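The structure presented is a predicted model; accordingly, all values stated were derived computationally and were not measured. The chains referred to below are lettered A, B, ... by the order of the sequence lines, with proteins before strands, and numbering in each begins at 1. Because only heavy atoms are used, hydrogens play no part in the values below, and waters and symmetry mates are left out as well, while side chains stay in.
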Amino acid sequence: MVTAKRGEPVGVLSRKDFVSDQEVRWCPGCGDYSILAQTQKVMPELGIPRENIVFISGIGCSSRLPYYMNTYGFHSIHGRAATIASGLKAARPELSVWVTTGDGDALSIGGNHLLHVLRRNVDLQIVLHNNEIYGLTKGQYSPTSEFGKRTKSSPYGTIDRPLQPLSVAIGAEATFVARSIDADAHHLVATLERAYKHRGASFVEVFQNCNIFNDGAFAEFTAKEVRADRTIVLEHGKPMIFGKERDKGIRLNGTKLEVVQLGNGVTETDLLVHDEQRDDPSIAFMLSRMQWPECPVALGVLRAVDRPTYDTLMTEQIEHAIAAEGEGDLKDIFLEGDTWTVE
Amino acid sequence: MVTAKRGEPVGVLSRKDFVSDQEVRWCPGCGDYSILAQTQKVMPELGIPRENIVFISGIGCSSRLPYYMNTYGFHSIHGRAATIASGLKAARPELSVWVTTGDGDALSIGGNHLLHVLRRNVDLQIVLHNNEIYGLTKGQYSPTSEFGKRTKSSPYGTIDRPLQPLSVAIGAEATFVARSIDADAHHLVATLERAYKHRGASFVEVFQNCNIFNDGAFAEFTAKEVRADRTIVLEHGKPMIFGKERDKGIRLNGTKLEVVQLGNGVTETDLLVHDEQRDDPSIAFMLSRMQWPECPVALGVLRAVDRPTYDTLMTEQIEHAIAAEGEGDLKDIFLEGDTWTVE
Amino acid sequence: MTTLTRESEQPEHSEVLELERVTIRFAGDSGDGMQLAGTQFTKTSAVAGNDISTFPDIPAEIRAPQGSLPGVSGFQVSFSSQEIYTPGDAPDVLVAMNPAALKTNLADLPRGGLLVVNEDEFNETNLKKAAYAANPLEDDSLKAYRLYRVPISALNSRALADSGLTAVQIDRCKNMFALGLMFWMYSRELDTTTHWIEDKFGKNPKVAEGNKAALKAGYHFGETTEMFATHYHVPKAKLKPGLYRNITGNEATALGFLTASKLAGRPLFYGSYPITPASDVLHELARFKRFGVKTFQAEDEIAAIGSAIGASFGGALALTGTSGPGLALKSEAIGLAVMVELPLVIMDVQRAGPSTGMPTKTEQGDLLQAMFGRNGESPVAIVAPATASDCFHVAIEAFRIAVKYRTPVIFLSDGYLGMGSEPWLVPDFTTLPPIDPDFATDPATFKPYARNPETLARPWAVPGTPDLEHRIGGLEKADITGNVSYDAANHDKMVRLRAAKIEKIVQDVPDLEVAGDQSGGLLVLGWGSTYGVITTAVQRARAQGKKVSAAHLRHLNPLPANLGDVLMRYDRVLMPEINLGQMRMLVRARYLVDVVGLNKVSGRPFTIAEIENKIAELVG
Amino acid sequence: MTTLTRESEQPEHSEVLELERVTIRFAGDSGDGMQLAGTQFTKTSAVAGNDISTFPDIPAEIRAPQGSLPGVSGFQVSFSSQEIYTPGDAPDVLVAMNPAALKTNLADLPRGGLLVVNEDEFNETNLKKAAYAANPLEDDSLKAYRLYRVPISALNSRALADSGLTAVQIDRCKNMFALGLMFWMYSRELDTTTHWIEDKFGKNPKVAEGNKAALKAGYHFGETTEMFATHYHVPKAKLKPGLYRNITGNEATALGFLTASKLAGRPLFYGSYPITPASDVLHELARFKRFGVKTFQAEDEIAAIGSAIGASFGGALALTGTSGPGLALKSEAIGLAVMVELPLVIMDVQRAGPSTGMPTKTEQGDLLQAMFGRNGESPVAIVAPATASDCFHVAIEAFRIAVKYRTPVIFLSDGYLGMGSEPWLVPDFTTLPPIDPDFATDPATFKPYARNPETLARPWAVPGTPDLEHRIGGLEKADITGNVSYDAANHDKMVRLRAAKIEKIVQDVPDLEVAGDQSGGLLVLGWGSTYGVITTAVQRARAQGKKVSAAHLRHLNPLPANLGDVLMRYDRVLMPEINLGQMRMLVRARYLVDVVGLNKVSGRPFTIAEIENKIAELVG
Ligand SMILES: Cc1ncc(C[n+]2csc(CCOP(=O)(O)OP(=O)(O)O)c2C)c(N)n1
Ligand SMILES: Cc1ncc(C[n+]2csc(CCOP(=O)(O)OP(=O)(O)O)c2C)c(N)n1
Ligand code: SF4
Ligand code: SF4
Ligand SMILES: [Mg+2]
Ligand SMILES: [Mg+2]
């Protein structure tokens, strides 16, 4: 079975090589189409043999994505993709394993597995299509639906307070945390590529529009006209500037983040400089909480720290054991403890 | 069924009234004994009729606690106590419902339920006995065991990075987060009382010594001799001072917490003032990360913010519906849609 | 079939044939509003006094591309002047709004069947989407059918030309045109639908007018064109007098549980996680806030049942509901409920498995999971509704047993029942016997695991009751005291007590009744949603003089006390199941009777014909 | 029992009786090291050439208060000059180190049995802890037994007075004193234990010396005091020649799975979440890093099986293991494995249920859960080991089936097998047939759901194989292509194909063999851990001339092809099970044979006598 190092191109594959023969079946206008397209676009860039790529998903509209990728794929059961991916990656570290999931799949039924795959830092790319709704089951609220939302299952409005996927991930010791938008093809491609390049569990939340059951959930700040002023694209080592006119910034005022207008006294040097590699995740946590209208919504890589991955540690333990104790021989094990011979 | 308001004493109950007739069965020296004792001690202080108190647990040594409380109790199945407690509290908001759990019960198999009970802010007291080991199953590592720990199930050392229970809770939108120590009876009682007084999901991590399978796991900073210098007891509105001599403090230096020696220029006014009611949980998150030897370990209430609770919201929705639409009448529902009569 | 000349002044170009029963299937793109046309036809026929039965065929895809095969949505309605039990095997009439609809539904239309197509949609692109090489309307691939090519789109837009609606809005009305045409063809009044349109689009008069115009246009098209030489009339059926409404199984289920809570005077708590085809019940119950119903949308199925167990401990009427995969997840917690012996109803609206299977398709594949899907000896009671409206009564029965015997009860419905609909004789609440929660309150006599000798039920002592403080849990309990016990003899005793308690329920299970001969010949034994087809098939076979009778199980565990005797009275026993023979296995094991199976696991209900053929094969 | 005078110079105050079989139970506080004494006696007897069988009785509590009843720990060893299959019903000798141990174990000692007590521990406090009103050594409540009051504590401390050990350390040695005494009583050599002590405490010579001294002291106490009029000798057994070791079922299971991975040339992946009594297997496999074994301690049982399914998709030999409650949690994922048809072994070391039940006690209550505990029609293969050492072979068999048929296989062990031990004839790896993973590699012929006609298995195409990219999942699959399909006929076909594939396995299942008469009389049919008692009971009954034979099932699904014929050949069939008759139900349903059950669900294995009595009842 072929193995390839990251980044080193193998043959010349194009986007089309990653389009499967299955007819895509999402509602016309669904944000999943774009996420699929960008995913197919990014694959050739990674320079891995196609047969070494695996997409694993749970259940949900989003979780159908693997059928449309001409790679190995596993459309598993609801909420369990991370467990299957962990086992596969542990068994076959040379594979590039991607997890496609939804807000219900990853945060409702699958919440525990998400916690643990992140803390273990299994080298996977986890892409969460967050449409703040249960799409496949036709429109019940999800753990990310806004408080008070009226849906089929909450005709009087929800009374559950939503989770912030990125805050959950950071609370679970995630080493790579990023956010993008279905409609921003360019940024999404770049984010997926960063996720792949990161060694360890990469968690990417993508705002995805469900135009049937939750249309425009993110439009307030992701709509083309307002996006520049209501979101901020974080860049490592750069001061946090945003706005159509690049005239606004984020400052850490004591214990609080605040939006400042650049000019009349306030300069770039007053702004918080984004450091995705901070060992302490607390500032990344702060950024994950930024919400419109108080703050612009943070996009891009919030956190990316280098930690040994679960799969490599597992391999190393085996190598060390063999180096130290020699290849296992069944006889030694069979004969452990006292033995005796019967003539 | 009797209901009582918080704090208003009912009859005169004493600790003994909360001791059940069951023989306590933990290993001699187990930290659970103290947690049980403090729990029994705090009960009379709460001024609730005994019959309105319920203890619900999962499975584990810690989870046997309900048997020893002379209240209503439910020793359920592994990891699911939070779900049973949520259902009970939703059905019976007037009850005082306590969840007793362990690091495996709450964070391994029960991790997802913990996330959701916290985000929903169900009005429960959740006490996690963290001994960083699976006690009942005789010594496998848990999600809080330190990296590299050798246990029955990890003879070569673990390769899983541990979770910080309080970070997980804060990442899950917890409204009350606190930490105490089994051996510190006074602080533990005070913390349990605070947890009860908080309206909403109160999450309390208690460092608990398992003297059989993980003896001294916390001794490095909880041992009597060193505790004052290696832990800090947070107090709302007070500057963060600690140390046997009360001569050390915590300062927020830009984006980082640091320990400072008071004196020669450094005064209390330079220190971070603890505000458990900060709307933004990020500073509480920062405090949850403090670890010896870099920092003292934070004890006490890290976060306590007031939010409507799930159970009251549920009751209100029903009251509003009745107020607006009138008590439900089956006939109206039976006859919804078109009807016709057959003579 | 008798011809009759209509007493009416104006001359009739088209004769009227009277029919006993007609089955129409409306098929089109998900966007074409076929469910709507179908339900409207259903209501009108019901109001006209027919007996009716319907079944929707909704696509699995959320919203597949317009005009594509997976995007086809269908609705079948059968209406009759006799009592009917099924939506009919095959349609007499197929209305196909586009090529994809024709492609996916034609196979079900018997040769000679009436086929109405919207010819306007049979264009290049749509034919391609439906994978038609050539236009079936052009070649003679349809000559086996009575084909009517109607330019529905064109006629509809012409009729609405000056309605002031946009082209898209106008096109959306074409289902009303098709419906109008069917109304004319089956001599139906338009007013029920007209009123409905007025309610629905009241706020939007233009749209309302448009829909009404389309409806009329379709009707008049039938009346005025010479296209149709005959049209039809299906007389009133003789039905039990009373007030009726049309109801789906899932609606009836929700109402049954709501009613049970009223009968018990305890609030209903529903812990659930959405899953097809059970979600409707959550949607329904979530609307009943003013009844004090509490719905808890849990993070997963385990939390859902956990919350219900907690609510039951608190004295609520606790319910959890799901479909097959969710029931699997609840397995461990059901075991806990067995051990703590609290009232709990678990609803499983079965779907095609294994695993995710075919979520929108029906099956009876969860029976053995319901019986045995837990560790150790953990018996539960199981009940299964026979028809959509029966769901109401069986839902109440489930809680009656759960409360009286302090036990989990599994309510085993399926997708066919849940989504199918039929007329429901609206019950009179006051005639339903109450359910007594019978809470323990007396400290003097209270013992957590002391049992009522008649039911073997333990006391239900809820938190808040002074001096009944006690602790329950999943570890084995000592008899009487309920303390944790590892005693060998006690465990053996408790295992047998739990089994005996479930067996005791038989005293509340009515004896099995046989429709037909009380002995001899073939007995067709069924359970669950096969009731309709079995009843009809057996009636037809008997009409042909075959010696065959039918019996139906509503209580699956325990089984009726007289089942063994009943089985012995017949020469042969046939058990049709939409699985590989799960109930058959239980019956064979228990009574050592060589029950024959008829098994089909295609995600679809049996057709009457399939049962008839098997009967014919067995009794000649 | 023949008396013989020992050829030895020095005069013998005590005669030596030769016995065929002896069963000793060591019982004391958890802190008293009874497990250790027991295992040492076992090894010495094994080395001395006896056949042996042991069973530990470990307290449920983690560490109950010292001297308390729940704190009692016991270890029973049976050794014999004949082949034996069980640790014996009742002990011939009970060594009780404290009052609690006497209280909890005396009931098992037959009247006239040998009772050795450490009288020093029979003081006020200990008697109270054991709930003794009066000291049983003082009143004559023990006069039915051959009571020996030995001041073990005192003698032991005296012997170690100048060992330089602390009082606590000295007291810890008293189990060695008791062991030494038993060694003398059964004419055993001390050297096996002496060597063991030297290894174990090598680093701590003082402690080593102390233990050896205590051991010798016990031995000499027996030899020199006049207390014991007789001692005993159990000659060598005639055992299959070869190299032996003592092994528990869980150890043998772990070695079997490890061996299977070697035979398949694929790394073993074990995904598991700790649970009693299955955890040992995780502990064992975690040690085998140098064999490339990967153990994944998952966050729960669902993650555990999920990880194993992922590893299997990747081409590893994938295993997940648990006990009953964990199997319940795995239900849904097992259904996924059935649908994706990948090799997977699921180990269930059964314990007493339902729910949490009695975790440290044994049961056979999960058979029907293993068969049916999933939604829809989801058949899996099931195998069950018969003895501790048989676990090794059956573990390999499980993977052989899983790989050849691309199916989940459930390995059904239980707590009695897992914790019990017996001598294991160490196998020669080279004689074991290999397991061929037979990966798909040829793009030209690859179809994800095309089947091998002989096995109906689909290809195992693992990621990394060029041009075999394909997608699997839990939705129904189209035959051959494996694409998602909602086609009715296809679903029915696939449901039957999956069932037929499991049935096909029968071609690899050896015919059932009967020990005894090949027809007529009573057949005692068993499965799993009842093998030992059934075999012994039937042998004894036959020795008494009763017409009774025995047969044992290792393959529970599918059942051996000849089972039906075998059953027909006997007048009656008896099936003893540690459940309420789960396999009995399956057999009755399938063969319509009126199998009689002997059922006990007390958390304990059957005694030989219980089976003998039932046989006597049936065949007189
Ligand atoms: C065990 C189980 N429970 C419930 C379901 C039903 N179900 C399928 S997808 C889904 C949620 C989908 O929401 P999300 O994960 O956000 O995906 P989306 O459809 O929005 O992309 C649910 C509840 C299931 N398939 N399996
Ligand atoms: C479904 C299930 N899986 C596994 C177990 C076995 N088990 C019981 S307690 C436990 C973990 C105990 O650890 P923790 O929660 O930290 O409690 P502690 O004993 O340390 O107080 C496990 C794995 C079980 N009882 N049920
Ligand atoms: S329902 Fe929503 S998420 Fe699902 S396919 Fe349609 S638009 Fe997309
Ligand atoms: S094992 Fe550890 S946690 Fe459990 S009772 Fe003993 S000391 Fe306490
Ligand atoms: Mg979603
Ligand atoms: Mg623990």
Side-chain angles (χ1 to χ4, degrees), chain C residues 60 70 302 323-325 327-329 331-332 335-336 338-340 350-361 363 365-366 368-369 371-378 473-476 486 488-489 491-492 495-496 498-499 579-580 582 585-586 588-590 592-594 600-604, chain D residues 60 70 302 323-325 327-329 331-332 335-336 338-340 350-361 363 365-366 368-369 371-378 473-476 486 488-489 491-492 495-496 498-499 579-580 582 585-586 588-590 592-594 600-604:
Chain C
I302 299 173
S323 186
L327 188 64
L329 285 169
S331 303
E332 188 203 10
L336 176 65
V338 167
M339 191 64 109
V340 296
Q350 300 168 97
R351 65 190 216 183
S355 194
T356 313
M358 306 193 300
T360 52
K361 303 299 179 189
E363 202 159 288
D366 295 349
L368 292 177
Q369 174 177 226
M371 281 290 289
F372 304 119
R374 293 163 295 280
N375 55 301
E377 293 288 347
S378 48
L475 285 165
E476 182 58 285
Y486 279 79
H491 179 51
D492 190 75
V495 165
R496 293 173 195 277
R498 285 183 289 260
N579 59 40
L580 290 181
Q582 300 191 1
M585 186 199 75
L586 297 176
R588 288 171 59 94
R590 180 153 188 160
L592 297 179
V593 169
D594 189 3
K600 156 171 154 175
V601 200
S602 67
R604 296 198 183 171
Chain D
I302 299 173
S323 186
L327 188 64
L329 285 169
S331 304
E332 187 202 11
L336 176 64
V338 167
M339 191 63 107
V340 296
Q350 301 169 96
R351 65 189 216 184
S355 195
T356 313
M358 305 193 299
T360 52
K361 303 297 178 189
E363 202 159 287
D366 295 349
L368 292 178
Q369 174 178 225
M371 279 292 289
F372 304 119
R374 294 163 296 281
N375 56 301
E377 293 289 347
S378 47
L475 286 166
E476 182 57 284
Y486 280 79
H491 178 53
D492 190 76
V495 165
R496 294 173 195 277
R498 285 184 289 261
N579 59 39
L580 290 181
Q582 300 192 0
M585 185 198 77
L586 296 176
R588 286 171 61 95
R590 180 154 187 159
L592 297 178
V593 169
D594 190 2
K600 156 169 152 175
V601 199
S602 67
R604 296 198 184 170

**OP:** Check the pair C:Arg590, D:Arg588 against side chain to side chain contact (heavy atoms under 4.5 Å, CB included), reporting the backbone distance first and the verdict last.
**Re:** CA-CA 8 Å; C:Arg590 180 153 188 160; D:Arg588 286 171 61 95; over 6 Å; no
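- Here CD of C:Gln369 is found 5.5 Å from CG of D:Asn375. Values are rounded to the nearest 0.5 Å.
- Minimum heavy-atom separation, D:Gln582 to C:Gly376: NE2-O, 4.3 Å.
- In this structure a side-chain-to-backbone donor-acceptor pair under 3.5 Å is present from C:Asp492 to D:Val601.
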**OP:** Apply side chain to side chain contact (heavy atoms under 4.5 Å, CB included) to the pair D:Ile302 and C:Leu329, showing each step before the final yes or no.
**Re:** CA-CA 9 Å; D:Ile302 299 173; C:Leu329 285 169; 3.8 Å; yes
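- Neither the backbone nor the side chain of D:Arg351 comes within less than 4.5 Å of any heavy atom of chain C.
- The side-chain heavy atoms of D:Pro359 and C:Leu475, taken from C-beta on, include a pair separated by under 4.5 Å.
- Atom CD of C:Glu476 and atom OG1 of D:Thr356 lie 10.5 Å apart (nearest 0.5 Å).
- Neither the backbone nor the side chain of C:Val340 comes within contact range of chain D; no heavy atoms are under 4.5 Å apart.
- Each of D:Arg496, D:Gln350, D:Lys361 has some count of heavy-atom pairs under 4.5 Å with chain C, and the biggest count is that of D:Arg496.
- For D:Leu327, no part lies near chain C; criterion is any non-hydrogen pair under 4.5 Å.
- Of the atoms belonging to D:Met358, heavy atoms from both backbone and side chain fall under 4.5 Å from chain C.
- The heavy-atom pair separating C:Gly353 from D:His491 by the smallest distance is O-CE1, 3.0 Å.
- The CD atom of D:Glu332 sits 6.5 Å away from atom OG of C:Ser355, with the distance rounded to the nearest 0.5 Å.
- Under the 3.5 Å distance criterion, the side-chain polar atoms of D:Glu377 are matched with a main-chain donor or acceptor of C:Leu580.
- Chosen from C:Gly335, C:Gly357, C:Ala352, C:Ala489, the residue pairing most often with chain D at heavy-atom distances under 4.5 Å is C:Gly357.
- The distance from atom CG of C:Leu368 to atom CG of D:Leu368, rounded to the nearest 0.5 Å, is 8.5 Å.
- Taking CG of C:Leu586 as the start and CE of D:Met585 as the end, the distance is 6.0 Å to the nearest 0.5 Å.
- Considering every non-hydrogen atom in both D:Leu592 and C:Val593, the closest pair reads CD2-O, 3.9 Å.
- Between chain D and the options C:Ser331, C:Ala499, C:Ser378, heavy-atom pairs under 4.5 Å are most frequent for C:Ser331.
- Taking C:Gly365, C:Gly373, C:Ser602, C:Ala328 one by one and counting their heavy-atom pairs under 4.5 Å with chain D, the maximum is reached by C:Ser602.
- Each of C:Pro325, C:Gly603, C:Gly324 has some count of heavy-atom pairs under 4.5 Å with chain D, and the biggest count is that of C:Pro325.
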